[in-house]
Amino acid sequence: MGEDREEGGRLMPDTPSFPRVRFAPSPTGYLHVGGARTALFNWLFARHFGGTFILRIEDTDFERSSEAMVEGILEGMRWIGLDWDEGPFFQSQRLPLYQATAQKLIDSGYAYYCFCTKDELEARRAQGTAAMYDRRCRALDPPESKQRRLDGQAAAVRFAVPDGSTSWNDAVFGRVEFANAELEDFVLLRSDGIPTYHLSVVADDIQMRLTHIIRGADHISNTPKQVLQYRALQAELPVFAHVPLILGPDKTRLSKRHGATSVIAYKDMGIVPEAFRNFLALLGWSPGSAHRDREIFSSGDLIQLFTLDGISKSNAVFDNDKLAWFNTEYIRAYASEKLLPLIETEWKAAQFTPTRSREELLAAIDLLKPRARSLKDFATLFRAYFRDDFEYDPAAVTKFLADPELPAWLQELATRYAAAPEFTEASAEEILRVFAAEKNIKAGALINGSRVALTGQAVAPSLFAVMAALGKDRVIERLSAVAKVPATG
RNA sequence: GGCGCCAUGGUGUAACUGGUUAACACGCCGCCCUCUCAAGGCGGAGAGUUCGGGUUCGAUCCCCGAUGGCGCUGCCA
């Protein structure tokens, strides 16, 4: 790792200099897709540069925050494989820091008490005269304000936005500037002493010595308010990197309207965590032209490749089809030993208990994984490989078991297998083809019919591989029982 | 409404930051393979880079404007 080469100690975006970053969700909901991606980017950035990734829970909105949500967020992060080095810190436990920071701002003249009540403000807004706070309390004499406070009057603390303009050099958007006239004298501390987001982020980001703030682009408009506080507090500015938002297929901001929005919902859909992480990483970020023809990146690849300048400026649409593709790629590439625990989790959730040995399970998984689109398939489509009670798909029966002569043939075929000295993938095929030739029927008809009789499905791996996986006894048993398959009309 | 940001096929992204037949992946279509379905192989349709001006010998890339989308506009975060 190199030295910090920038003058003033400022860390520029890709300076390899032990950056400190954070993910700061507010526990008013589960970990959603956008938050997960922000967390992922921060994590990748920290890991890439050997920095520190901090988790901070922004729970100053007591009304809407809950402990269950905190647990949900942690669960989501663990699921996609994100670990943190410090925290979780809870803002609700750091109130004194914010109050002290507010006091500092008041003492230095950058903030003032505001005695307007919420109702008064609302009324003024309703009149339509003042879209922004009219700063009336800013005109109050400091000694007078102090006295009113001492007398027990409730007051919020507002930041006194100066004239001029505020700008910063965003690591992804470049220079961004706001006229201060567009900013209102925002509240730092509510009248009950609880800080607002504007104060608590800045106080914490400074106290935690963060060097880079990587967060959603929805915070761009908040940034000037924060920059102003850094200046007032004489703190060094971190590098801001705003990440574009994730949109739904209709190009509006992703929300429950679009279906699953919680990360855990994707777990429940049978998505493999690495597939989800890979997909997410490529939403709004690209490793650049050197890797333009690659899409599959392991966690290690991503860490090695991730830098801020690969982040794009435009919003990205969440594409379920592409996620599904990543999922099949990962499931197919996984060793069955690695897949088994994930599938077992799925089985547990589906209250499905396999009745096979571990070896048989692994063999079946190896056979089936190229055709799986989701972990769910192992409890549904592929049930017949793991248990002996399974349903016959009516469509499959109609398609391949409709011939009235077929059941008798399959039963006879079963007796051939029973009489055969050995039962292997090759011998099973040999026997079936000889049988078909003898009876002068198409091998394909026998094969397709057998497939349905053995698995209940029209879709499966090569039949003889299936037979080998199922074993001689089960093959004979299921072929013999073909007459019991419910016919369809 | 005000302010800010963004704009490459349906989707995600590339394009040595002015010179390419605008590339890759997903999706879609077709063919091959074949015992089904996937996978795989091969091929195809689909953008002239939102639109209009400018700068330039030359603009996806620079400038201006328009349009559209998104964000913010709370004693929410």
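Letters A, B, ... are given to chains in the order of the sequence lines, protein chains preceding strands, and every chain is numbered from 1. Everything numeric here is computed off the predicted structure, so don't read it as measured data.
- OP1 or OP2 of B:C35 has not a single side-chain nitrogen or oxygen of A:S462 nearer than 4.0 Å.
- In terms of position along RNA chain B, the nucleotide closest to A:F318 lies nearer the 5' end than the nucleotide closest to the other residue of the pair A:F318 and A:E429.
- Partner of A:Y113 under the side-chain contact (heavy atoms from CB on, under 4.5 Å) criterion, out of A:R138, A:K146, A:R149, A:R148: A:R149 alone.
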Polar atoms only, N or O, under 3.5 Å: list the protein pairs with nucleotides 42-49 of chain B and their distances.
none

Yes or no on ring-ring contact (aromatic ring centres under 6.0 Å, His included) for A:F240 and A:F173, after CA distance, side-chain angles and deciding distance? CA-CA 9 Å; A:F240 290 99; A:F173 288 99; over 10 Å; no

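- A:E58 has no carboxylate O lying under 4.0 Å from a charged side-chain N of A:R94, or vice versa, which leaves the two without a salt bridge.
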Below 3.5 Å between N/O atoms, which protein atoms pair up with nucleotides 22-24 of chain B? Just atom names and distances, please.
unit_1: B:A23; atom_1: O2'; unit_2: A:R292; atom_2: NH1; d: 2.7
unit_1: B:C24; atom_1: O2'; unit_2: A:R292; atom_2: O; d: 3.3

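- Note on A:D119 versus A:R124: no salt bridge recorded, every NZ/NE/NH1/NH2 to OD/OE distance being 4.0 Å or above.
- Between A:Y330 and A:Y334, the ring planes are perpendicular. Angles over 60° get that label, and only those under 30° would be called parallel.
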Verify salt bridge (Lys or Arg N to Asp or Glu O under 4.0 Å) between A:K118 and A:E122, making sure each step is shown before the conclusion. CA-CA 6 Å; A:K118 203 171 177 178; A:E122 260 164 36; 5.1 Å; no

Take nucleotides 70-77 of chain B nucleotide by nucleotide from the 5' end and write B, S or -, depending on whether a protein heavy atom sits under 4.0 Å from the base, only from the sugar-phosphate, or from neither. SBS-SBBB

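- Within the 4.0 angstrom heavy-atom criterion, only backbone atoms of the sugar-phosphate kind lie near A:G284; the bases stay farther away.
- Taking a pair as Watson-Crick or G-U wobble with both distances under 3.5 Å, RNA chain B forms stems of 3 or more consecutive pairs at B:1-7 with B:67-73, B:10-13 with B:23-26, B:28-32 with B:40-44, B:50-54 with B:62-66.
- Annotation: cation-pi geometry not satisfied between A:R22 and A:F53 (NZ/CZ under 6.0 angstrom from ring centroid, within 45° of ring axis).
- Looking at A:D170 and A:R175, no side-chain N of the basic residue comes within less than 4.0 Å of a carboxylate O on the acidic one, giving no salt bridge.
- The side-chain contact (heavy atoms from CB on, under 4.5 Å) test with A:F23 singles out one residue from A:I54, A:L55, A:I57, A:L40, and that residue is A:L55.
- Nearest heavy atom pair, residue A:G270 against residue A:N327, reads O-ND2, 3.2 Å.
- When the P atom of B:U13 is taken as reference, atom CG of A:D309 falls 15 Å away, rounded to whole Å.
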Short N/O separations, protein against nucleotides 59-64 of chain B, under 3.5 angstrom:
none

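- A parallel orientation is assigned to the rings of A:Y110 and A:F159, their planes being inclined by less than 30° (bins at 30° and 60°).
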Please tabulate, one pair per line, each protein N/O and nucleotide N/O from nucleotides 27-33 of chain B that are separated by under 3.5 Å, including the distance.
none

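- In this entry the distance linking CD1 of A:I331 with C1' of B:C37 reads 16 Å, nearest Å.
- For A:A290 and A:S314, each mapped to the nucleotide of RNA chain B holding its nearest heavy atom, the one lying further toward the 5' end belongs to A:S314.
- For the pair A:E391 and A:R383, the salt-bridge criterion is not met [side-chain N within less than 4.0 Å of a carboxylate O].
- Here the C1' atom of nucleotide B:C35 and the CG atom of A:L406 are 13 Å apart, to the nearest Å.
- B:G48 adopts a syn glycosidic conformation, its chi angle falling within 90° of 0.
- A salt bridge links A:R332 with A:E329: the closest approach of a Lys/Arg side-chain nitrogen to an acidic carboxylate oxygen falls below 4.0 angstrom.
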